[in-house]
Structures are given as structure tokens and as C-alpha cells.
Q: 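Here it is, the structure in full.
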Amino acid sequence: MVARPTSGGAPFRLSDTIEVLATPGHTLSCVSLLVRNCTITPTADGIPNAPQTVAIVGDLFERAEDIADAALWLDAGSEDPAAQRRNRARMATLADYIVPGHGPGFAVTGDIRGALNAQQVGDAAQ
């Protein structure tokens, strides 16, 4: 048996700190892991060594650079670009740190959240 998030979008809890969330977009069956109270070793980016929420998102984000250049993730293929935009913004709201499908993880800043929310709003207006 395979455990999946419910079709209504409710997270599937694996433990008190780990959830599986449906994050369709790249493919309609994509999921992401949200890990709460995760301690990350400090890096050159200044990520504090304190409990954080980490999202392991696969190809929802190809890499950090695709936030400024949507062509990077759109050209990689998206079965539902509007859903992918919504889920990218949602994961950035939930997480302090994102581990993308390709490239190193990155800290989620206010600027990143703002950019992703603006892209989502721009998509709705089209």
C-alpha cells in the first residue's frame, strides 16, 4: 500500500514533525515533504543553527534561480503551470528552507516569498 496525501489536499502525517503534501504542477502526482523542527548546520548563507521548517520539494523548484527566471522550471516541463505557481508560493510560505530537485538548498527570504506570491497573482490575472 502506498501512503498518499488525500485528494482534498490535506497533508498526510508521517510523524509529529514530517508531513507529505500534494504539490501538483511539474506532474499532477507530485508531493513534497515538510519537516518541522529540523536543525540545519550554519552555512555561508547565514542559515541559523536553530529549528526550522524544511521543504523537500523535488521538481516543484528546479533550483533557486528559477524563482527569478520562470523559464527554468517551465522549460523543464509542467503538467499544470498554474498549480505549480500556487504550490511554489504555498511551500515558500510554509518553509524556512527549500531543498529543490536540482541544485543546493536555499533559505526562504521575504523577497523570495514576495516574488512567488507576485507570480501567482500575475498568473491569476492572465
Side-chain angles (χ1 to χ4, degrees):
M1 177 168 87
V2 176
R4 298 182 196 172
T6 64
S7 59
F12 180 81
R13 290 182 96 44
L14 294 176
S15 72
D16 289 340
T17 59
I18 302 172
E19 295 176 317
V20 180
L21 291 87
T23 53
H26 179 67
T27 69
L28 299 180
S29 60
C30 281
V31 297
S32 296
L33 292 178
L34 199 63
V35 183
R36 299 183 194 283
N37 298 321
C38 186
T39 302
I40 300 172
T41 304
T43 68
D45 294 330
I47 298 167
N49 191 12
Q52 295 186 348
T53 299
V54 176
I56 304 166
V57 299
D59 287 342
L60 185 64
F61 289 84
E62 292 291 314
R63 55 187 179 271
E65 294 82 6
D66 73 19
I67 296 165
D69 184 359
L72 294 173
W73 66 268
L74 288 166
D75 290 349
S78 179
E79 291 182 4
D80 188 339
Q84 191 163 352
R85 280 188 182 90
R86 284 191 306 275
N87 284 310
R88 286 162 56 91
R90 178 171 65 121
M91 294 310 288
T93 298
L94 295 172
D96 302 305
Y97 194 82
I98 289 177
V99 179
H102 307 272
F106 57 91
V108 180
T109 64
D111 287 345
I112 287 173
R113 287 185 181 105
L116 292 168
N117 283 327
Q119 291 168 15
Q120 175 183 259
V121 170
D123 187 50
Q126 294 177 6

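Remember, it's a predicted structure, so these values are computed and weren't measured experimentally. In this chain, residues are counted from 1 in sequence order.
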Q: Which pair of heavy atoms, one from Gly105 and one from Pro100, lies closest together, and at what distance?
A: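 For Gly105 and Pro100, the tightest heavy-atom pair comes out as CA-CD, 3.7 Å.
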Q: State, yes or no, whether a side-chain contact exists between Gln52 and Arg36 at a heavy-atom distance under 4.5 Å.
A: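 Side-chain contact under 4.5 Å: no.
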Q: Assess whether a salt bridge exists between Arg88 and Asp66, defined as any Lys/Arg side-chain N lying under 4.0 Å from an Asp/Glu carboxylate O.
A: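 Asp66 and Arg88: salt-bridged.
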Q: Linking directly or through intermediates, with side-chain heavy atoms under 4.5 Å: list the remaining ILVMFWY members grouped with Leu74, chain and number order.
A: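 Members other than Leu74 - counting any ILVMFWY side chain reachable under 4.5 Å - are Trp73.
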Q: Please tell me whether Ser78 and Gln84 have a donor and an acceptor in their side chains that are separated by less than 3.5 angstrom.
A: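 Their side chains do contain a donor-acceptor pair, which is all the 3.5 Å distance test asks for.
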Q: Would you please test Leu116 and Phe61 for side-chain contact (heavy atoms from CB on, under 4.5 Å) and show each step?
A: CA-CA 11 Å; Leu116 292 168; Phe61 289 84; 3.8 Å; yes
Q: Could you tell me the separation between the CG atom of Leu60 and the SG atom of Cys30, rounded to the nearest 0.5 Å?
A: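 Here the interatomic distance stands at 7.0 Å.
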Q: What is the distance from atom CZ of Arg90 to atom CG of Asn117, rounded to the nearest 0.5 Å?
A: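 Nearest 0.5 Å value for the CZ-CG distance: 13.0 Å.
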Q: Might you point out which heavy atoms bring Gly77 and His26 nearest each other, and give the distance in Å?
A: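 Looking at all heavy atoms of both residues, the shortest contact is O-ND1, 2.7 Å.
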Q: Less than 4.5 Å apart, any side-chain heavy atom of Leu34 and any of Met91?
A: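 In short, these two side chains touch, coming nearer than 4.5 Å.
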Q: Should Asn87 and Pro24 count as side-chain neighbours, where that means a heavy-atom distance under 4.5 Å?
A: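 SC-SC contact between Asn87 and Pro24 confirmed.
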Q: Between Ile67 and Leu72, does the side-chain contact (heavy atoms from CB on, under 4.5 Å) criterion hold? Intermediate values first, please.
A: CA-CA 9 Å; Ile67 296 165; Leu72 294 173; over 6 Å; no
Q: Report the C-alpha distance between Leu14 and Val20 in whole Å, list the side-chain angles of each, state the deciding distance to 0.1 Å, and finish with yes or no for side-chain contact (heavy atoms from CB on, under 4.5 Å).
A: CA-CA 7 Å; Leu14 294 176; Val20 180; 3.7 Å; yes
Q: Hey, are the side chains of Val108 and Asp96 touching, using non-hydrogen atoms and a 4.5 Å cut-off?
A: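 No - every pair of side-chain heavy atoms lies 4.5 Å or more apart.
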Q: Quick one, Leu21 and Val31 - any side-chain contact, counting heavy atoms below 4.5 Å?
A: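 Of all side-chain heavy-atom pairs linking Val31 with Leu21, none is under 4.5 Å.
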Q: Kindly say whether Ala92 contributes a backbone atom to a donor-acceptor pair with the side chain of Arg113 at under 3.5 angstrom?
A: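 Pair found, side chain donor or acceptor close to backbone of Ala92.
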Q: Would Asp59 and His102 count as a side chain to side chain donor-acceptor pair (under 3.5 Å) here? Give the steps.
A: CA-CA 7 Å; Asp59 287 342; His102 307 272; 3.0 Å; yes
Q: In Å, rounded to the nearest 0.5 Å, how long is the span from SG of Cys38 to CD1 of Ile18?
A: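 If we round to the nearest 0.5 Å, Cys38:SG and Ile18:CD1 are 8.5 Å apart.
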Q: Could you pull out the closest heavy-atom pair between Ala64 and Phe106, with the gap in Å?
A: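 That closest heavy-atom pairing would be CB-CD2, 3.4 Å.
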Q: Do the non-hydrogen side-chain atoms of Thr23 and Val57 ever get within less than 4.5 Å of each other?
A: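 Sidechains of Val57 and Thr23: no contact.
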Q: Leu28 vs Asp80, test: side-chain contact (heavy atoms from CB on, under 4.5 Å). Steps then yes/no.
A: CA-CA 7 Å; Leu28 299 180; Asp80 188 339; 3.9 Å; yes
